[in-house]
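Everything below concerns the one structure shown next.
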Amino acid sequence: RALLLLALLAAGALGKPTARQERARPGGQHEDRPGFQYDHEAFLGKEEARSFDQLSPEESRERLGKIVDRIDDNKDGYLTTEELKTWIKRVQKRYIYENVAKVWKDYDLNKDNKIAWEEYKQATYGYYL
């Protein structure tokens, strides 16, 4: 399954160039973010990518296979570009919601589940005021 994913990603890279692909360097590394970590986080999410960094190659392949099964919405054994796009959007959306939940606590100073303008200013600029 990991080979299938790699083949799909390679096939996509060989397709008609887009603005994003033209910025890519050999090896799939993008100019705006050096290294594979950017793609790793976009595909898995920041927390999941960190957990993968701790796995052996065998464990990583096994978990990636399970993720590929989840991405394959129509269960035909192949991943389409649309399935990959949907997956990455889902991962990014989850990251945004998790980040908002973490940051919310810092801004909701009186813990009433609302952020008043004064709380926002204090949390954002408090040390300047």
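Around atom NZ of Lys75, more than 12 heavy atoms belonging to other residues, nucleotides or ligands sit under 6.0 Å away. Counting non-hydrogen atoms of other residues, nucleotides and ligands closer than 6.0 Å to NZ of Lys114 gives a total of 12 or fewer.
In the model, Ser56 has a side-chain atom that pairs as donor or acceptor with a side-chain atom of Glu59 under 3.5 Å.
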Inset, instruction - Go through the steps to decide whether Glu83 and Asn74 satisfy the test side chain to side chain contact (heavy atoms under 4.5 Å, CB included), and finish with yes or no. - result: CA-CA 9 Å; Glu83 287 171 328; Asn74 62 7; 3.2 Å; yes

Legend entry - Pair Thr80-Leu84, side chain to side chain contact (heavy atoms under 4.5 Å, CB included): steps then yes or no: CA-CA 6 Å; Thr80 65; Leu84 286 171; over 6 Å; no

Inset, instruction - Take Tyr78 and Asp72 through the side chain to side chain contact (heavy atoms under 4.5 Å, CB included) test and state the conclusion after the steps. - result: CA-CA 7 Å; Tyr78 298 94; Asp72 185 13; 5.7 Å; no

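Counting heavy atoms from C-beta on, the side chains of Trp87 and Ile67 come closer than 4.5 Å.
The aromatic rings of Tyr120 and Tyr125 lie perpendicular to each other, with more than 60° between the two planes, well past the 30° mark.
Taking all atoms of both residues into account, the shortest heavy-atom contact from Asp73 to Arg70 is OD1-O, 3.8 Å. Nearest heavy-atom pair, Leu109 versus Asp106, reported as atom, atom and distance to 0.1 Å: CD2-O, 3.2 Å. Across all their heavy atoms, Ser51 and Glu48 have their closest contact at OG-O, 2.7 Å.
A distance-only check finds no donor-acceptor pair linking the side chain of Lys121 to the backbone of Ala116 [under 3.5 Å].
Linking Ile, Leu, Val, Met, Phe, Trp and Tyr whenever their side-chain heavy atoms come within less than 4.5 Å leaves Ile96 and Val91 in two separate clusters. In the hydrophobic clustering of this structure, Ile71 groups with Phe52; members are Ile, Leu, Val, Met, Phe, Trp, Tyr whose side-chain heavy atoms approach within less than 4.5 Å, directly or through other members. Using a 4.5 Å cut-off between side-chain heavy atoms of Ile, Leu, Val, Met, Phe, Trp and Tyr, with links allowed through other members, Ile115 and Tyr97 fall into different hydrophobic clusters. Side-chain heavy atoms closer than 4.5 Å link hydrophobic residues (I, L, V, M, F, W, Y) into clusters, and following such links, possibly through other members, connects Leu79 to Leu64.
One distance of note links CH2 of Trp104 with CG of Asn113; it measures 7.5 Å at 0.5 Å rounding. In this structure, CG on Asp108 lies 5.0 Å from CD on Glu119, to the nearest 0.5 angstrom. Taken to the nearest 0.5 Å, the NZ atom of Lys89 stands 7.0 Å off from the CD atom of Glu82.
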